[in-house]
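Working notes for the structure below.
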Protein chains: 2
Amino acid sequence: MQGISGHELSPKRAEYLKYVADCTGAVRTTEAAARFAVAPSTATKTLEGLARAGYLEHAPYRGFSLTAKGERYARFLVRRHRIVALMLSRFGLAPEEACTEAQKMEGCVSREVVDRICASLGHPMMSVCGRIEHDPGCCSPAEPGGE
Amino acid sequence: MQGISGHELSPKRAEYLKYVADCTGAVRTTEAAARFAVAPSTATKTLEGLARAGYLEHAPYRGFSLTAKGERYARFLVRRHRIVALMLSRFGLAPEEACTEAQKMEGCVSREVVDRICASLGHPMMSVCGRIEHDPGCCSPAEPGGE
DNA sequence: TGCAAATTTGGTATGGTGCCAAACTCCTGT
DNA sequence: ACAGGAGTTTGGCACCATACCAAATTTGCA
């Protein structure tokens with residue numbers, strides 16, 4: 001994998017990035033502020049932080065959109081969320097419960113661990129909250145020998 | 001059970017509390033500073049924070065020791081760590097690996113989830129890094145019907 | 001074109017973690 | 001008995017993440 005450790009972004013930033021990735025087109029400050037129940041200036045600053053780090057592109061007064069790097073990272077974040085949620089559901093948590101708790105934990109789960117759980121689960125296609133996309137080279141087709 | 005959510009302490013504070021719980025008798029500032037590789041003043045302040053929150057008792061210039069509350073909470077922290085590590089080992093992580101990764105994640109895992117995983121695992125007695133103590137009323141004897 | 005809505009900027013705050021230097025306490029050895 | 005060194009605490013400062021408000025700025029519609 002291309003150097004994703006899973007700890008590049010703070011939990012909040014990761015949430016914002018996932019949100020931007022979920023939206024089609026550019027995200028307005030107001031939309032993000034509403035989504036996270038914060039003041040618009042807070043949304044601007046958090047998104048600005050992601051832009052400075054190269055995950056988003058900022059068209060001032062227009063909105064924020066994903067860069068290639070942001071898109072790649074967001075795919076990881078979504079996959080991580082779904083793997084963790086699926087794991088929790090295997091321990092008896094109901095789907096929405098698993099999803100909610102996954103949200104709380106996932107920020108601390110490394111890519112390494114996600115890949116291991118993913119492999120151990122047999123590279124599942126579905127989680128409790130959506131399809132799981134397996135990046136080529138990230139987890140599914142890799143691991144030639146062991147595991 | 002008694003109102004432990006699992007999110008009472010920041011990850012660092014939780015680590016310090018576990019450390020104090022692991023030591024016999026009072027912990028000196030220097031010991032903690034060495035253990036966490038920080039300046040003595042930092043150790044003082046972090047431990048002071050735990051004391052102010054009621055988890056530790058502070059005998060100035062003498063050391064810090066657990067209060068009843070701290071002891072109870074530390075038991076939860078250790079149990080959480082071991083349950084999470086055991087869970088990870090079930091996904092193919094080697095013992096020390098599971099233990100290391102658990103350390104990174106456990107701060108974000110709620111008591112609720114710990115109890116669920118614990119139950120789902122059949123209230124195991126051993127983890128990859130030590131015995132698992134099941135507080136009466138915390139997890140094992142509870143859950144009368146379901147699960 | 002002018003004004004309302006949206007956005008950004010700058011100032012400020014809090015909490016957690018960290019450092020250093022200075023002040024203070026403890027204890028041991030002479 | 002007490003001086004000095006080791007250990008500890010205090011106060012000041014810094015940084016990052018997150019958050020707010022008020023003021024300034026830009027956009028876009030009427």
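Every chain is numbered from 1 and lettered A, B, ... according to where its sequence line falls, protein lines coming before strand lines. Both backbone and side-chain heavy atoms feed into the values below; hydrogens, waters and symmetry mates do not.
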Residue met sooner reading DNA chain D from 5', once A/Lys12 and B/Pro40 are mapped to nucleotides =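 Counting from the 5' end, the first nearest nucleotide belongs to B/Pro40.
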Starting from the 5' end of DNA chain D, give me the residue, A/Arg13 or A/Arg62, whose nearest nucleotide shows up first.
->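 Between the two, 5'-proximity favours A/Arg13.
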Between [X] ([atom1]) and [N] ([atom2]), how many Å, whole number?
X: A/His7; N: D/dA17; atom1: NE2; atom2: C1'; answer: 17 Å
X: A/Arg28; N: C/dT8; atom1: CZ; atom2: C1'; answer: 12 Å
X: B/Tyr16; N: C/dG16; atom1: OH; atom2: C1'; answer: 11 Å
X: A/Leu47; N: D/dA17; atom1: CG; atom2: P; answer: 14 Å
X: B/Glu15; N: C/dG16; atom1: CD; atom2: C1'; answer: 15 Å
X: B/His58; N: D/dT10; atom1: NE2; atom2: P; answer: 7 Å

Run the ring-centre check on A/Tyr19 versus A/Phe36 and record whether the distance is less than 6.0 Å.
->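 Yes, they do, as the ring centres are separated by less than 6.0 Å.
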Validation row, ring centre B/Tyr73 to ring centre B/Phe76 under 6.0 Å =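 Between B/Tyr73 and B/Phe76, the centre distance is under 6.0 Å.
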Is B/Arg116 salt-bridged to A/Glu97, cutoff N-O under 4.0 Å?
->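 Here B/Arg116 pairs with A/Glu97 in a salt bridge, since their nearest N and O are under 4.0 Å apart.
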Any Lys/Arg nitrogen of B/Lys18 or B/Asp22 sitting under 4.0 Å from an Asp/Glu carboxylate oxygen of the other?
->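 No salt bridge links B/Lys18 with B/Asp22.
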Under-3.5 Å donor-acceptor pair between B/Lys45 side chain and C/dG15 base |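 Absent.
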Look at the side chain of A/Ser10 and decide which nucleotide, out of C/dT9, D/dA17, C/dC26, has an atom nearest to it.
->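 Looking only at side-chain atoms, A/Ser10 lies closest to D/dA17.
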Give a yes/no answer on whether the side chain of A/Thr29 brings an N or O atom under 4.0 Å of OP1 or OP2 in C/dT8.
->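 Result: yes.
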